[in-house]
Amino acid sequence: MPILLYGNDSQKEKYLPKLASGEWMGCYCLTEPGAGSDANSGKTKAVLTEDGKHYLITGQKMWISNAGFADVFIVFARIEDDKNITGFILDKGMEGITMGEEEYKLGLNSSSTRQVFFNDVKVPIESLLGGRDNGFKIAMNALNVGRIKLSAAVLDACRRVISLSTNYSNERIQFGVPIAKFGAIKHKLADMAVRTYAIESATYRAGNEIEKNIKRLESEGVDRQEAHLKGIEEYAIECSIVKVLGSETIQYCSDEGIQIYGGMGYSAETPMEAAYRDARIARIYEGTNEINRMLLVGMILKKAMKGELDIMTPAMKVASDLMSIPSFETPDESKLFAIEKENIKKLKKTILMVAGKAAQHFAMDIEKEQEVLMSLADMIIDVYTAESGLLRTEKLSLKNGEEATQHQITMSKLFLYSAIKNCQKAGEEVILSFAEGDEQRMLLMGLKRFTKGYTINPKEMRRSVAAKLIEENKYCF
Ligand SMILES: Cc1cc2nc3c(=O)[nH]c(=O)nc-3n(C[C@H](O)[C@H](O)[C@H](O)COP(=O)(O)OP(=O)(O)OC[C@H]3O[C@@H](n4cnc5c(N)ncnc54)[C@H](O)[C@@H]3O)c2cc1C
């Protein structure tokens, strides 16, 4: 991906066909023992040789996926005292590249993860990737793609875990009946499906938006590589959203999968044990979920400060709306999702109100208020995902009719229901963290106004989703 996004023509010609065909494997060497989340602080050095024709790269990278069998190494190193690291393309077999032993890991046992050491590795200057001092940008943009890819990858894991769990529930007899007959098991199966359907929707939506954005830029005359770069970069927030929720959804599904399998779920003989262990890494790599949560809120605030995104005007409007009498207009209930869309609007108002007031209160110091940023991120993730589910289901329903889409409609409502509950809790935490007296009372009142009144029967709705899964004996949405 770094070569595709930042390579020059001869680099792309040399590496991309063989990497794309699978003839060559690549690895991405960013993390170091002292530079994990703080990826730009790496100590690996690149020193120009006296004749100006080579760089000598020296340093240590760790946790490098594919290292054991990689043919191509993307390595980030610092030239002199540059502010940022620089990217280089190295080939297998270059003198001075050595490896640590394979890491003994919790999961991902079929992947190679090793330390890679570089000892005065002589690299031609032509191997410099994307310009000096540009490596951090390259690393981050490659990670944006990695984040949405991670979400797409975990979707398949979620579907498989749900299918296996459904299958097991249908076959395992206790108290004389299949455990699928029990409400507690139905609840779990349905919740797994609801969350998976929602993150699937968010991932498809973000992917489609990115593709459309790239095409738009290309049609405006931006060259292909630049269009890909910008097209993805402009959706970095969405990439972080789906990375966080995707990784947490597979963790949730595999955990509940073990629970459904009972003791057998804990045994290495069944697939749940590996699914659970393999899922765990997704919350750590491609930027930890904490870093991604902070990034996504940070990016929104940065866009607001640069004037690219106006959040203060709507935030102020929400504040003044709160002082007025609530509207008694009711949405047209005969229209699919009329009520749900109204609730999404209210949730967005909730975020604007809470984030706007928090930003006003903490000003530049908001960066130091990580707990607040985490809660705001949770609200944004939930609302984006709930809205994605509704939009996808609306399209499906237009295409196939409401009757054929009834389970997706139910799942979208169930996800929205939990999103409202989560936003209530997260919003309250933010408000209580800074507001006092009248301001606190007003904000809590606003929160209540924007998050109340969505009443569904979650138990019956979950049962209907579970019934479909049990009947089909697999994830079928
Ligand atoms: C199996 C596996 C494969 C990997 N593959 C690759 C690879 O191919 N290439 C590569 O370059 N790297 C790879 N990594 C490394 C991975 O990207 C890092 O582990 C990850 O970025 C976290 O860095 P760290 O482990 O140093 O944790 P740390 O950065 O030390 O973080 C530890 C904890 O502190 C939190 N934290 C850190 N900074 C902050 C902050 N500012 N505010 C709040 N909380 C913070 C983190 O969220 C985390 O919970 C891999 C790791 C593993 C385990």
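Values reported hereafter were calculated over all heavy atoms of this structure, with side chains retained and with hydrogens, waters and symmetry mates removed. Read the numbers this way: they start at 1 and go in the same order the structure lists the ligands and their atoms.
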Contact check: D38 vs ligand 1, nitrogen or oxygen atoms, below 3.5 angstrom: no
With rounding to the nearest 0.5 angstrom, report the SG to CD distance, C423 to E428. 13.0 Å
Answer whether the closest heavy-atom distance between the side chains of Y6 and Q11 falls below 4.5 Å. no
Which word best sums up how the rings of F434 and H361 line up, parallel for under 30°, tilted for 30 to 60°, or perpendicular for over 60°? tilted
Can you find a protein heavy atom under 4.0 Å from atom 32 (C) of ligand 1? no
Does K306 pair with E308 as a salt bridge, N-O distance under 4.0 Å? yes
Return the closest protein heavy atom for atom 20 (C) of ligand 1 as residue, atom name and distance. I284 O, 3.7 Å
State whether the shortest distance between N or O atoms of L30 and N or O atoms of ligand 1 falls below 3.5 angstrom. yes
Residue, atom name and distance, where the atom is the protein heavy atom closest to atom 52 (C) of ligand 1: I281 CD1, 3.5 Å
With a 4.0 Å cut-off on N to O distance, would you call E32 and R78 a salt bridge? no
Ligand 1 to T288, heavy atom cutoff 4.0 Å, flagged ligand atoms 22 (C), 46 (C), 47 (O)
Interatomic spacing from CD in Q225 to NE2 in H228 - rounded to 0.5 Å: 9.5 Å
Evaluate the 4.0 Å heavy atom contact test for atom 9 (N) of ligand 1: does a protein atom fall under the cut-off? yes
Polar contact flag for W63 and ligand 1 (N/O pairs, less than 3.5 Å): yes
Which protein heavy atom lies closest to atom 3 (C) of ligand 1, and at what distance to 0.1 Å? S65 OG, 3.3 Å
Which residue and atom name correspond to the protein heavy atom nearest atom 29 (O) of ligand 1, and how close is it? S37 OG, 2.6 Å
What residue and heavy atom of the protein are closest to atom 39 (C) of ligand 1, and at what distance? I291 CD1, 3.8 Å
Return yes or no for this condition: an N or O of Y285 is under 3.5 Å from an N or O of ligand 1. no
Within the 4.0 Å heavy-atom shell around M294, which atoms of ligand 1 are there? 40 (C), 42 (N), 43 (C)
When you measure from atom 24 (P) of ligand 1 to every protein heavy atom, which one gives the shortest distance, and what is it? G36 CA, 3.9 Å
Closest heavy-atom contact between V242 and R147? CG2-O, 4.5 Å
May I ask you to check whether T31 has an N/O atom sitting below 3.5 Å from an N/O atom of ligand 1? yes
If I compare all heavy atoms of A279 with all of I250, which pair ends up nearest, and what's the gap? CB-CG1, 3.8 Å
Tell me whether the rings of F118 and F73 are parallel (<30°), tilted (30 to 60°) or perpendicular (>60°). perpendicular
With a cut-off of under 6.0 Å to the ring centre and 45° to the axis, is R195 in cation-pi contact with Y252? yes
Options E290, R293, E367, Q370, ranked by nearest heavy atom to atom 47 (O) of ligand 1, top entry: E290
So is there a nitrogen or oxygen of T113 less than 3.5 Å from a nitrogen or oxygen in ligand 1? no
Is at least one protein non-hydrogen atom found at under 4.0 angstrom from atom 35 (C) of ligand 1? no
Name the orientation class of the two ring planes belonging to W24 and Y15 (parallel below 30°, tilted from 30 to 60°, perpendicular beyond 60°). tilted
